[in-house]
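What you see is a predicted model; the values in this text were computed from it and never measured.
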Amino acid sequence: MHTLNIGILAHVDAGKTSLTERLLFDHGAIDRLGSVDAGDTRTDDGAIERQRGITIRSAVAAFTAQGTQINLIDTPGHSDFIAEVERALQVLDGAVLLLSAVEGVQAQTRVLLRTLRRLRMPTLVFVNKIDRPGARADALLADIRRRLTPHLAPLTGVTGIGTPEARVHRRPLDAAAAEALAEVDPGILAALVDGPPPDRAALEAALAARTADGSFHPVYFGSALGGQGVAELVQGIVRTVPAGIARTIPAPEPSVPPEPSKPSESSEPSEPSVPSGRHRAPRGTVFAVRPGPGGQRTAYLRLYDGEVTERQRLTFLRREADGRTAEVTGRVGRLAVVGRPGPLTGGNIAALTGVPGLRVGDRLGEPTGRAPQFAPPTLQTVVRARRPEQAAPLRSALLALADQDPLLHARPAAAGATSLLLYGEVQLEVLAATLAQDFGIDAEFEPGRVRLLERPAGTGEAWEEMPWLDRTRYWATVGLRVEPGPVGSGGVFAYETELGALPRAFHQAIEETVHATMLSGPHGWEVTDYRVTLTRSGFSSPVSTAADFRGLTPVVVRRALERAGTRVYEPYHSFEAEVPPDALAPVTSLLASLGAEFKETTGGTASWVIAGELPARQVRRAGLRLPDLTRGEGVWWSRPSGDRPAR
């Protein structure tokens, strides 16, 4: 039996969790249907998820159909949790993109399909809620072709749509489907142009091939609550989604950081992963972490190759926030493979415990393709405990939550507070509720502000000698050179001195202090994309201690950084605004006044689509003003797209 890992993606309230419940129930994995309203669904098992009726973290559940084990990954729908969605995409073989037959194409739907097509992910479209008043079929298909993609074919039709009697029937591949396939399949195009026309077998083969490479999308109608059309969807999944291994990620756009750098020269090699028997070394990705009793956490690992067994010693690679690569080593304790017994093999997912400190995004072995990169959060806030005695527990709780979400950067701030990076206000509200319910901490958040960054503008050097030259009170000699690094490289520390010239503890003290000092540059913002090189060093035994190097290094770093100079950068968002024709001029004028740079404007009949980039600090204002300028008909979408020098 082979395995398919399928993600269910959609905008909020399209019915993702309800579809998951229906699939599990219809195939015997659960004995009763859970309800989002009742808060008893299988995948939304967190208290806050049940209270709010939204999915916050990815969850996994399995069922078997037609000789295939299907692992369902239910993902968040709210845009504030898009990073959680993108992390889940790493482990998928295919996806089901869910739309509501009533609400139709939403801004988040377009974001998701754009991401899926960039990853060349096999994607089936499921139009849900056909039995609800206001549901549409043909009009919605036209809307999908216009606003999502023209490369699709409906494989089911609906009778009685918009009523409780709505029923689904199979729809053969017709001439319209052949013409749509011809746009992405040269064989079908040649058959239509030169003849003879493609037969049913040729069309089905082309449909499977083009779905597999992510360029074409079968469309199915149905109802998750009523169960209509779900069997046809499952059959489509089994027939068109290939069981894959590691997916090769296309090269990112210039604004996306490159592959993480190798460990610094000061890093010591740790024990390598142990190949299991005749299998190759295991390769996989941790895509979810869940807390457990007694502080023990469960990590969900998707394995691409090799084999993992209980008691096996593994080494995971992690990219730290400053760009360095760290190693996390441990021995597997409990190993529960989703949907089947035995060891974890390539293509499957398992929940494992025993490796301390695992985080989302940790990689087992070297990936075959490019590791996906995620745009960092652009909202910065400061959180404090309302009761002083809870300051230390608050810090511990935030560090624990940051382990579950590596993009939730938490670090100390002034007066016992903690600085946080987030994606949006909804994420902040969920975090506040989590602290209250799971940790019993009443936290106070400052209003969020856009996070800026500094990068070195040039090269600067500085050094300090030991006390006998009467220049410093520290028994240490430190010389450093600061220079710009490649965009996306984070922080890199290197040596021009001989590694054995200092005891290892002194080397470690210098390197750790360099990165800590870079958290606040000359303008007060975190410094990134730098390379710091140790150019000279010295100590006096037995007087010198690591504390001397930790005390002297910040002095030298700041002096070298001042000589190099820094530039401040602000985050930008890519945006799309879909507006009625008569609103084009006022919306364009608004965006221009907010500092937008326009890329293209398309459409002109039913609507115009304006695309470009906008400073992140202006995104909220643009989104709030759009409804007034478009009589509520405008659709706004944006997401982080790198940064630029601040004006």
Visitor: Taking Arg384 first and then Asp442, would you say they form a salt bridge - that is, a charged N and a carboxylate O separated by under 4.0 Å?
Guide: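 Between Asp442 and Arg384 there is no salt bridge, as every charged N stays at least 4.0 Å from the carboxylate O atoms.
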
Visitor: Compare every heavy atom of Leu124 with every heavy atom of Gly236, then report the nearest pair and how far apart it is.
Guide: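 Closest approach of Gly236 to Leu124: C-CD2, 3.6 Å.
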
Visitor: Between Pro122 and Pro242, is there a side-chain heavy-atom distance shorter than 4.5 Å?
Guide: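 The answer is yes, as the side chains (C-beta and beyond) meet within the 4.5 Å cut-off.
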
Visitor: Mind checking the OG1-CG spacing from Thr418 to Leu398? Nearest 0.5 Å is all I need.
Guide: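 Between Thr418 OG1 and Leu398 CG, I get 5.5 Å after rounding to 0.5 Å.
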
Visitor: Please identify each residue that fulfils side-chain hydrogen bond (donor to acceptor under 3.5 Å, both in side chains) with Thr211, with sequence neighbours left out.
Guide: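 By the side-chain hydrogen bond (donor to acceptor under 3.5 Å, both in side chains) rule, Thr211 matches no residue at all.
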
Visitor: Can you tell if the side chain of Leu72 reaches within under 4.5 Å of the side chain of Ile8, non-hydrogen atoms only?
Guide: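 Leu72 vs Ile8: side chains touch.
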
Visitor: Do Leu435 and Leu394 have side-chain heavy atoms sitting under 4.5 Å apart?
Guide: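 In short, these two side chains touch, coming nearer than 4.5 Å.
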
Visitor: Under a 3.5 Å distance rule, please check whether Asn71 uses its side chain to pair with a backbone N or O of Ala62 as donor and acceptor.
Guide: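 Checked: no pair found.
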
Visitor: Please list, chain by chain and in numerical order, all residues satisfying side-chain hydrogen bond (donor to acceptor under 3.5 Å, both in side chains) with Asp362, sequence neighbours excluded.
Guide: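 Counting only residues at least two positions away or on another chain, Asp362 forms a side-chain hydrogen bond (donor to acceptor under 3.5 Å, both in side chains) with Arg318.
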
Visitor: Can you name the closest pair of heavy atoms from Ala224 and Gly15 and give their distance?
Guide: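 Residues Ala224 and Gly15, closest heavy atoms: CB-O, 4.5 Å.
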
Visitor: Would a distance-only check, ignoring hydrogens and angles, find a side-chain to backbone donor-acceptor pair under 3.5 Å from Arg22 to Leu225?
Guide: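 The answer is yes, because a donor-acceptor pair under 3.5 Å joins these two groups.
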
Visitor: Of Val355, Val286, Ile349, which meets side chain to side chain contact (heavy atoms under 4.5 Å, CB included) against Leu301?
Guide: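 When side chain to side chain contact (heavy atoms under 4.5 Å, CB included) is applied between Leu301 and each of Val355, Val286, Ile349, only Val286 qualifies.
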
Visitor: Evaluate the side-chain proximity of Val308 to Val332: yes if any heavy-atom separation is below 4.5 Å, no if none is.
Guide: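 Contact flag for Val332/Val308 side chains = yes.
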
Visitor: Could you walk me through whether Arg302 and Asp93 pass salt bridge (charged side-chain N to carboxylate O under 4.0 Å, His left out), step by step?
Guide: CA-CA 11 Å; Arg302 158 72 195 267; Asp93 298 309; 3.5 Å; yes

Visitor: Decide yes or no for Thr315 and Glu327: does some side-chain heavy atom of the first lie under 4.5 Å from some side-chain heavy atom of the second?
Guide: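 With C-beta onward as the side chain, the pair touches.
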
Visitor: Between Asn348 and Thr3, does any side-chain donor sit less than 3.5 Å from a side-chain acceptor?
Guide: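 The answer is yes; a qualifying pair exists.
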
Visitor: As an exercise, state the distance from CE of Met518 to NE2 of His515, rounded to the nearest 0.5 Å.
Guide: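 Output value for this atom pair is 9.0 Å.
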
Visitor: For the backbone of Ser100 and the side chain of Glu103, can you confirm whether one donor and one acceptor N or O come within less than 3.5 Å of each other?
Guide: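 A pair under 3.5 Å: no.
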
Visitor: Check for a donor-acceptor pair, side chain of Thr353 on one end and backbone N or O of Arg334 on the other, with a separation under 3.5 Å.
Guide: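 Present.
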
Visitor: Is a donor on one side and an acceptor on the other found under 3.5 Å between the side chain of Thr123 and the backbone of Met121?
Guide: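 Flag set: sc Thr123 to bb Met121 pair under 3.5 Å.
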
Visitor: For side-chain contact (heavy atoms from CB on, under 4.5 Å), just list the numbers for Ile70 and His27, CA-CA rounded to whole Å, side-chain angles, deciding distance to a tenth of an Å, and then say yes or no.
Guide: CA-CA 11 Å; Ile70 298 178; His27 295 87; over 6 Å; no

Visitor: With side-chain contact (heavy atoms from CB on, under 4.5 Å) as the criterion, how do Leu314 and Leu364 come out once you've worked through the C-alpha distance, each side chain's angles and the decisive distance to 0.1 Å?
Guide: CA-CA 8 Å; Leu314 302 174; Leu364 178 61; 4.0 Å; yes

Visitor: With sequence neighbours excluded, tell me which residues meet side-chain hydrogen bond (donor to acceptor under 3.5 Å, both in side chains) with Thr109.
Guide: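 If we apply the side-chain hydrogen bond (donor to acceptor under 3.5 Å, both in side chains) test to Thr109, skipping adjacent residues, there are no hits.
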
Visitor: Apply side-chain hydrogen bond (donor to acceptor under 3.5 Å, both in side chains) to Gln66 and list each qualifying residue two or more places apart in sequence or on a separate chain.
Guide: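 Scan of Gln66 (side-chain hydrogen bond (donor to acceptor under 3.5 Å, both in side chains), adjacent residues dropped) gives none.
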
Visitor: For Phe287, is there any backbone N or O sitting under 3.5 Å from a side-chain donor or acceptor partner on Thr285?
Guide: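 The answer is no, because no donor-acceptor pair under 3.5 Å joins these two groups.
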
Visitor: Return the minimal non-hydrogen interatomic distance between Val241 and Leu4, and the atom names on each side.
Guide: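 Distance-wise, the nearest heavy atoms are O-CD2, 3.5 Å.
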
Visitor: Regarding Glu576 and Arg114, does a basic nitrogen lie under 4.0 Å from an acidic carboxylate oxygen?
Guide: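 Looking at Glu576 and Arg114, the cut-off is met.
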
Visitor: What I want to check is whether the side chains of Arg340 and Gln69 have a donor and an acceptor closer together than 3.5 Å.
Guide: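 Arg340 vs Gln69: donor-acceptor pair found between side chains.
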
Visitor: Do any pairs count as a salt bridge (charged side-chain N to carboxylate O under 4.0 Å, His left out) and have a residue in residues 212-236, sequence neighbours left out, and if so which ones?
Guide: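 Applying salt bridge (charged side-chain N to carboxylate O under 4.0 Å, His left out) to every pair that reaches into residues 212-236, excluding sequence neighbours, yields Arg210-Asp213.
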
Visitor: Under 3.5 Å, is there a donor-acceptor pair between the side chain of Asp305 and the main chain of Pro282?
Guide: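 The answer is no, because no donor-acceptor pair under 3.5 Å joins these two groups.
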
Visitor: Please step through side-chain contact (heavy atoms from CB on, under 4.5 Å) for the pair Thr298 and Val289, ending with a clear verdict.
Guide: CA-CA 6 Å; Thr298 298; Val289 175; over 6 Å; no

Visitor: Side chains of Pro218 and Leu207: closer than 4.5 Å at any heavy-atom pair?
Guide: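 Answer yes - side chains close enough.
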
Visitor: Of all the heavy-atom pairs spanning Leu335 and Glu310, show the shortest one and how long it is.
Guide: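 In terms of heavy atoms, the two residues are closest at N-OE2, 3.2 Å.
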
Visitor: In Å, rounded to the nearest 0.5 Å, how long is the span from CG of Leu97 to CG of Leu112?
Guide: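 CG of Leu112 is found 6.0 Å from CG of Leu97.
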
Visitor: Check step by step if side-chain contact (heavy atoms from CB on, under 4.5 Å) holds for Leu352 and Leu358.
Guide: CA-CA 10 Å; Leu352 64 87; Leu358 275 183; 3.9 Å; yes

Visitor: I'd like to check Val450 versus Pro571 (side-chain heavy atoms, cut-off strictly below 4.5 Å). Are they in contact?
Guide: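 They are in side-chain contact.
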
Visitor: With sequence neighbours excluded, tell me which residues meet salt bridge (charged side-chain N to carboxylate O under 4.0 Å, His left out) with Arg117.
Guide: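 Counting only residues at least two positions away or on another chain, Arg117 forms no salt bridge (charged side-chain N to carboxylate O under 4.0 Å, His left out).
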
Visitor: Quick one: pull up CG in Leu303 and CD in Glu307 and give me the separation to the nearest 0.5 Å.
Guide: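 The CG atom of Leu303 sits 9.0 Å away from the CD atom of Glu307.
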
Visitor: If you measure from CZ on Phe63 to CD1 on Ile6, what distance do you get to the nearest 0.5 Å?
Guide: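 With rounding to 0.5 Å, CZ (Phe63) is 8.5 Å from CD1 (Ile6).
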
Visitor: Between Asn128 (side chain only) and Leu99 (backbone N and O only), is there a donor and an acceptor less than 3.5 Å apart?
Guide: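 Not a single qualifying donor-acceptor pair exists.
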
Visitor: Does the side chain of Leu113 reach to within under 4.5 Å of the side chain of Thr149, using non-hydrogen atoms?
Guide: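 Of all side-chain heavy-atom pairs linking Thr149 with Leu113, at least one is under 4.5 Å.
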
Visitor: Nearest 0.5 angstrom please: Leu19 CG to Lys129 NZ, how far?
Guide: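 These two atoms lie 12.0 Å from each other.
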
Visitor: Identify the two heavy atoms, one from Gly284 and one from Tyr304, that lie closest to each other, and give their separation to 0.1 Å.
Guide: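 Closest approach of Gly284 to Tyr304, heavy atoms only: CA-CD1, 3.7 Å.
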
Visitor: So which atom in Leu317 and which in Gly365 form the shortest heavy-atom distance, rounded to 0.1 Å?
Guide: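 Taking Leu317 first and Gly365 second, the nearest heavy atoms are CD1-O, 4.4 Å.
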
Visitor: Taking Thr156 for its side chain and Phe221 for its backbone only, find out whether a donor-acceptor pair lies under 3.5 Å.
Guide: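 Yes.
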
